[in-house]
K.L.:
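Dropping the structure in here first, questions after.
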Amino acid sequence: MRYSSFVDRIGGEGAEAWLLHNEAIKRRKQGADVIVLSIGDPNFDTPAAITEAAISALRSGDSHYTDVLGYPELRQAIAAQYVARAGLPWNGDNVAVMVGTQGGLFAAALCLLDKGDEAIALEPTYVTYEATIQASGARLVRVPQRAENGFKPDLADIARAVTPRTRAIFFATPNNPTGVVLDRNVLEGIADIARKHDLWVVADEVYADLIFGAEHVSIASLPGMAERTVTVNSLSKSHAMTGWRIGWLAGPSALIAHIGKLNLAMTYGIPAFIQRAAIYALTHDIPEVATMRAAYRKRRDIVAQRLAQVPGLRCHLPEAGMFMMLDIRETGLSARDYAWGLFEKTGVSTLDATAFGKSAAGHLRLSFATDEESLGKACSRIAAYTMTLPAVAQKHDGR
Ligand SMILES: Cc1ncc(COP(=O)(O)O)c(C=O)c1O
């Protein structure tokens with residue numbers, strides 16, 4: 001049977017990197033001594049009070065269809081966050097409740113982009129962006145952020161990538177995999193480009209609650225940007241709720257009306273009890289959010305400290321999130337070969353960061369979504385394995 005051309009557009013180049021992760025999960029299930037540093041799923045449970053809110057919603061019969069854009073109370077609670085944190089003049093009409101940040105990204109791509117358009121994405125790019133953007137028929141134009149520049153964007157590179165076909169700029173701040181937080185100057189530069197060329201900006205802020213000290217700026221809050229920015233976020237990372245699939249898209253009310261039609265055609269809304277849990281999460285103080293952030297920071301410091309001394313390795317210290325980019329280029333191996341060698345010899349699974357684009361070649365993405373003891377063990381294994389590599393061993397001996 002024949003399929004539409006859509007199915008080709010939703011494929012992506014990054015798929016190969018996940019083979020190692022899948023193999024690690026398989027072997028772990030079989031009882032092998034495997035430490036999984038290849039995925040960003042928090043190892044924390046969802047805070048109990050949030051789970052209780054969902055349970056009590058179910059017990060009280062909150063099991064019917066809801067508004068396709070989300071409960072007004074939830075939309076309002078989400079808008080209130082942007083009012084309080086970013087000074088944006090938003091209310092519930094500026095918010096659509098979506099199936100995670102991912103649902104927001106996909107909806108944004110479908111409602112903003114057409115066949116023949118180009119959408120710029122800052123690279124390293126979160127793996128799903130390629131298929132998400134291409135699903136719309138638009139072409140993904142990657143703008144590399146170089147390792148030599150700490151994976152920070154160069155505004156001139158972004159400006160050069162704009163053509164008459166460009167419609168939007170997509171980025172995540174903080175970024176996955178690099179952990180880079182875009183500072184106000186860079187965001188002002190991107191805003192200038194967007195205003196000058198009349199572009200949309202799609203800002204993925206899913207790690208914004210996991211910043212370790214840097215300032216988080218929502219680009220929507222910069223002058224003239226609220227009308228051209230789509231901000232996507234969720235409770236997945238901040239509240240350890242990846243499996244709940246609850247997120248949102250915030251932007252101009254006209255866009256939200258279009259998203260309403262898309263939701264009607266595709267999801268028909270988000271489960272009621274999950275929305276009740278989200279309302280609870282956003283309208284109560286949840287101390288676990290700060291506790292988890294502190295835990296990720298501590299894990300980052302442990303990994304950085306343990307690996308900084310290892311010849312052949314260089315850590316990029318993330319400013320946020322749950323990942324670290326490890327530069328392994330001095331080992332003489334490609335990230336793919338290093339990752340497979342490390343896994344086969346030591347059971348530590350990492351992700352070849354080339355999955356996020358060529359600018360991440362020679363880097364591994366390590367996840368901190370595991371306990372400190374396992375992380376410490378993984379670092380020892382990484383260090384030992386690296387020292388066995390000929391390029392490192394020779395250089396080390398020759399010192
Ligand atoms: C940058 C980025 N955007 C979006 C997502 C998807 O998040 P959600 O679970 O909210 O759909 C992820 C998940 O890892 C991510 O890293």
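Counting convention: from 1, in listed order, for ligands and their atoms alike. This structure is a prediction, so every number in the text was calculated from the model and none was measured.
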K.L.:
I'd like to know if the side chain of H363 reaches the main chain of A361, judged simply by a donor and an acceptor atom lying under 3.5 Å from each other, with no hydrogens or angles considered.
P.N.:
yes
K.L.:
Could you tell me if the ring centre of Y268 sits under 6.0 Å from that of Y65?
P.N.:
yes
K.L.:
Report, in ascending order of atom number, the atoms of ligand 1 lying under 4.0 Å from any heavy atom of T101.
P.N.:
4 (C), 7 (O), 8 (P), 10 (O), 11 (O)
K.L.:
Considering only protein heavy atoms, which is closest to atom 4 (C) of ligand 1, and at what distance to one decimal place?
P.N.:
D204 OD2, 3.5 Å
K.L.:
Tell me which one of P177, G40, S234 gets a heavy atom nearest to atom 10 (O) of ligand 1.
P.N.:
S234
K.L.:
Return yes or no for this condition: an N or O of S236 is under 3.5 Å from an N or O of ligand 1.
P.N.:
yes
K.L.:
Between I256 and R75, what is the shortest heavy-atom contact and its length?
P.N.:
CG2-NH2, 3.7 Å
K.L.:
Tell me whether ligand 1 is touched by V206 - counting only heavy atoms on the residue side and a distance under 4.0 Å.
P.N.:
yes
K.L.:
Cluster question for you: counting only ILVMFWY and a side-chain heavy-atom cut-off of under 4.5 Å, with indirect links fine, are I270 and M241 together?
P.N.:
yes
K.L.:
In the protein, which heavy atom is nearest to atom 14 (O) of ligand 1, and how far is it?
P.N.:
K237 NZ, 2.8 Å
K.L.:
Within the 4.0 Å heavy-atom shell around G100, which atoms of ligand 1 are there?
P.N.:
10 (O), 11 (O)
K.L.:
Verify the neighbour count for atom CD of Q309: are there more than 12 heavy atoms of other residues, nucleotides or ligands below 6.0 Å?
P.N.:
no
K.L.:
Under a 4.5 Å cut-off applied to non-hydrogen side-chain atoms, are Y129 and D204 in contact?
P.N.:
yes
K.L.:
Please report which non-hydrogen protein atom sits nearest to atom 5 (C) of ligand 1, along with the residue it belongs to and the distance in Å to one decimal place.
P.N.:
Y126 CE2, 3.5 Å
K.L.:
Quick one: nearest non-hydrogen protein atom to atom 11 (O) of ligand 1, plus distance?
P.N.:
R245 NH2, 2.8 Å
K.L.:
What do you reckon, does Y207 have a nitrogen or oxygen under 3.5 Å from a nitrogen or oxygen of ligand 1?
P.N.:
yes
K.L.:
For F323 and F356, I'd like to know if the aromatic rings sit close, meaning centre-to-centre distance below 6.0 Å.
P.N.:
no
